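For the numbers below, each heavy atom of this structure counts, side chains included, while hydrogens, waters and symmetry mates do not. These numbers come from a predicted model, not from an experiment. Position 1 is the first residue of the sequence; numbering continues from there.
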Amino acid sequence: MTITKRFWIALVFSIPMLIGMILMPFGIMVPGSEWIQFVLTTIVMAVAARPFIQSAWASFKKHHSNMDTLVAIGTAVAYIYSIYAMFTGQAVFFESAAFVITFVLLGQVFEERMRNNASNAIEKLVDLQAKEAEVMRDGKLVKIPLDQVVKGDLIRVKPGQKIAVDGVITEGSSTVDESMVTGESMPVAKKIGDKVIGSTINSNGTFMFKAEKVGSDTMLSQIVELVKKAQNSHAPIQNLTDKVSEIFVPAVLILSILTFLVWYVFLGATIAKALIFAVSVVVIACPCALGLATPTALMVGTGRGAKMGILIKNGEVLEEVNDVKTVVMDKTGTITNGKPEVTDIVGNEKQVLTIAASLEESSEHPLATAIMDKAKTENIQANAASDFSAVEGKGVTALVDNQKAFVGNDKMLSDVEIDSKLQEKMIQLQNEAKTVVFVGVDKKIIGLIAIQDAPKATSKEAIATLKARGLRTVMLTGDNQRVAEAIAKEVGIDEVIADVLPGDKADHVEALQKNGKVAFVGDGINDAPALTMADVGIAMGSGTDIAIESGGIVLMKNDLRDVAKALELSRKTFNRIKLNLFWAFIYNVLGIPVAAGLFFAVGLSLSPELAGLAMAFSSLSVVTSSVLLNKSKIEPKVALD
């Protein structure tokens, strides 16, 4: 039976007792009211309270206690004593047991509604999916259900239609509204070769695209799965809460027994009155709000992040973010656009470009792509190459026209001489923030190719924002020191670590961790070890699958400004968890003395049912505090020079 149904049963069977309590001061007594209360409370205990009792008993058998232990013991004592009192002609308080159950369930209904709202937000994401697709089958375009689309299908999308699955445009161009997936409000221009995301909306053009990811592999499906996992995960601070509860529950039970003994033995109160104080202590101390503090804030924070295009993959990240001192960034594709272009060719342009294209034809490196694009533009045909060999972090070698040729960076020049003019030209190009690639044949440099990957328009602002937060910024790149420093100077990076081989990135991150916790931002396959090594791994959503899998936070927009937003959102979510825990704990600490009758002499006391109501509102306050996280300002503004 659902929590909501149990709450309504408890409420419906408690209301007659409430009416009886209201009529009592006016001298109106219902005949047989004690038996009516007994029957109504028995139904509440048997139906609505059963899960509390079952949970408490299961914990007891394992020599543990939990939040349900307090609810079960408090209501069971009130119920059993009232049966005894009814047969011995003493005052009963069946209504206390019934109302405590009702109000505890009210608090749980708040929590369930909170969870449902988070789940509904995810379901709305799923509902954004297209229901069908216009697919090329046997030379004809036919409409088929979405679940029949397979990888490799050619799909047509008209203006205003939803894109069915993830893929690459093969024909036509358009602008696409990707806001529901990336949080980017402006439509994105798309042309042949560009990737499109399933469930986004085509704006004004008609295009064909090839399906690359379908079903659970689509980006939207992965977002939904990541958000679900994050919302069901636990921040390590939750472990502290669980440990506190384990100590807190037995302590409260002991305090409750002491309260009864003090009132009954030392102060001479009746059994009924002493029990009321004892049960009130048990009920008011029930740490339900403590249990809500972490999951509610986590659900709101991760849900808001998903809407902003920031996926927080688990609760552990939230704690780590608070202590981050240094943000380390990869250069290519993270600080820069990731689309290098050839800007200068030194030497015999045709010969240099022909040799370079022959070697780079089978490479997938971004610099190789830039060289091949330039060769294509200049209508230069690559020659056949054999004995191809890639040297990690240095370049490539192969036989071209029976001559050993190489293309690479200065790490390949250990046994090759370079004349002074080329040396001067190399330094000049590197100081212009251009990466210089050496092209050689038979241990002789025949020319240079300068390639530039310009910084993103938003990188300078993003780094200024991070520095304004007191964070140290570091660029970690395999590029040349001069090029890296030129880029760093342009965007405002504090420190540069250049000439780093792909396999060494994680070692540099580990070294930086000696001075405090490190966040690493990257997007490539070679960034995966560093993303895993860092205390907080932040993967750019445009990156490789392995990089995204390695990151604790994923930025769906390829925008470095979202790093600051992700860190701020994580920090505010964790701070809200701490605030919730503080108020929940303080509430219990302050409520126990009142419930124990410490202020009874001045007319301040709490009956069990009022203690239950107060506890329900404590849970509501924690849920409300978490919901207000949606209103917190996340977007920082930093003035640039």
For Thr170, enumerate each residue passing the side-chain hydrogen bond (donor to acceptor under 3.5 Å, both in side chains) test, keeping only those at least two apart in sequence or located in another chain. none
Ion pair Asp373/Lys376, N-O distance below 4.0 Å: no
Any donor-acceptor pair under 3.5 Å linking the side chain of Gln513 with the backbone of Met533? yes
With a 4.0 Å cut-off on N to O distance, would you call Lys374 and Glu341 a salt bridge? no
What are the two closest non-hydrogen atoms of Ile451 and Pro340, and how far apart are they? CG2-CB, 3.4 Å
Residues two or more places apart in sequence or in another chain: which of them pass side-chain hydrogen bond (donor to acceptor under 3.5 Å, both in side chains) with Thr334? none
Given Asp217, Val214, Ile197, the one that forms side-chain contact (heavy atoms from CB on, under 4.5 Å) with Asp166: Ile197
Between the side chains of Thr477 and Asp330, is a donor N or O closer than 3.5 angstrom to an acceptor N or O? no
Those residues at least two apart in sequence (or on a different chain) that pass side chain to side chain contact (heavy atoms under 4.5 Å, CB included) with Ala433 are Gln452, Ala486, Ile487
With a 4.5 Å cut-off on side-chain heavy atoms, are Val324 and Val518 touching? no
Here the gap from Ile335 atom CD1 to Asp453 atom CG, rounded to the nearest 0.5 Å, amounts to 10.5 Å
Could you measure the distance from the CG atom of Asp499 to the CD atom of Gln481? Nearest 0.5 Å is fine. 6.0 Å
I'd like to check Phe209 versus Asp194 (side-chain heavy atoms, cut-off strictly below 4.5 Å). Are they in contact? no
Check for a donor-acceptor pair, side chain of Thr573 on one end and backbone N or O of Leu569 on the other, with a separation under 3.5 Å. yes
Any salt bridge between Asp559 and Arg561, counting N to O under 4.0 Å? yes
Please report the interatomic distance NZ(Lys325) to CG(Leu471), rounded to the nearest 0.5 Å. 8.5 Å
Once you round to the nearest 0.5 Å, how far does NZ of Lys572 lie from OG of Ser632? 5.0 Å
Grab the two heavy atoms, one from Gly516 and one from Asp535, that are nearest each other, plus how far apart they are. O-OD2, 4.5 Å
Roughly how far, to the nearest 0.5 Å, is the CD atom of Glu495 from the CG atom of Leu476? 9.5 Å
Taking all atoms of both residues into account, what is the closest heavy-atom pair of Val496 and Ala488, and its distance? CG2-CB, 3.3 Å
Does any N or O in the side chain of Ser626 come within less than 3.5 Å of the main-chain N or O of Val622, such that one atom is a donor and the other an acceptor? yes
Let me have the donor-acceptor pairs involving side chains of residues 150-161, under 3.5 Å, with sequence neighbours excluded, atom names and distances please.
residue : atom : partner : partner atom : Å
Asp153  : OD1  : Arg137  : NE           : 3.4
Asp153  : OD1  : Arg137  : NH2          : 3.4
Asp153  : OD2  : Arg137  : NH2          : 2.6
Asp153  : OD2  : Val150  : N            : 3.0
Arg156  : NE   : Glu134  : OE1          : 3.4
Arg156  : NH2  : Glu134  : OE2          : 2.7
Gln161  : OE1  : Lys158  : N            : 2.9

Which residues share a side chain to side chain contact (heavy atoms under 4.5 Å, CB included) with Asn575, sequence neighbours left out: Asn322, Arg571, Lys578
Heavy-atom pair with the smallest gap, counting every atom of Leu579 and Ser625: CD2-OG, 4.1 Å
Residues which pass salt bridge (charged side-chain N to carboxylate O under 4.0 Å, His left out) with Glu320, listed by chain and number, not counting sequence neighbours: Lys517
Apply side chain to side chain contact (heavy atoms under 4.5 Å, CB included) to Ala356 and list each qualifying residue two or more places apart in sequence or on a separate chain. Ile371, Val407, Val439, Ile449
Are the side chains of Ile553 and Ile310 in touch, meaning some heavy atoms are under 4.5 Å apart? yes
The test is salt bridge (Lys or Arg N to Asp or Glu O under 4.0 Å); show your working for Lys565 and Asp562 and say whether it passes. CA-CA 5 Å; Lys565 292 179 189 175; Asp562 283 349; 3.6 Å; yes
Test salt bridge (charged side-chain N to carboxylate O under 4.0 Å, His left out) applied to Arg482 - qualifying residues, sequence neighbours left out: none
Could you work out, with salt bridge (charged side-chain N to carboxylate O under 4.0 Å, His left out) as the rule, every residue matching Lys489, not counting sequence neighbours? none
Short side-chain to backbone donor-acceptor contact, Thr336 and Pro455, under 3.5 Å: no
Looking at side-chain heavy atoms only, is the closest gap between Val509 and Lys505 below 4.5 Å? no
Output yes when a side-chain donor or acceptor of Ser174 lies under 3.5 Å from a complementary backbone atom of Gly205, and no otherwise. yes
Are Thr175 and Val188 side-chain neighbours, meaning at least one heavy-atom pair lies under 4.5 Å? no
Side chain to side chain contact (heavy atoms under 4.5 Å, CB included) against Thr473, all qualifying residues, sequence neighbours excluded: Met329, Ile463, Leu466, Lys467, Ile493, Asp494
For Lys434, what residues pass the side-chain hydrogen bond (donor to acceptor under 3.5 Å, both in side chains) criterion, not counting sequence neighbours? Asp344, Glu432
With distance as the sole test, does Arg472 use its side chain to make a donor-acceptor pair with the main-chain N or O of Val327 at under 3.5 Å? no
At their closest point, which heavy atom of Val396 faces which heavy atom of Phe388, and how far apart are they? CG1-CZ, 3.6 Å
Pair Arg469 + Glu568: basic N to acidic O under 4.0 Å: yes
Name all residues meeting the side-chain hydrogen bond (donor to acceptor under 3.5 Å, both in side chains) criterion together with Glu171; count only those two or more places apart in sequence or in a different chain, and write none if there are none. none
Is any side-chain heavy atom of Val554 less than 4.5 Å from a side-chain heavy atom of Ile312? no
Would you confirm whether Ser570, through its side chain, and Leu567, through its main-chain N or O, come within 3.5 Å as a donor-acceptor pair? no
Nearest non-hydrogen partners of Phe520 and Ala534, listed with the distance: CB-CB, 3.6 Å
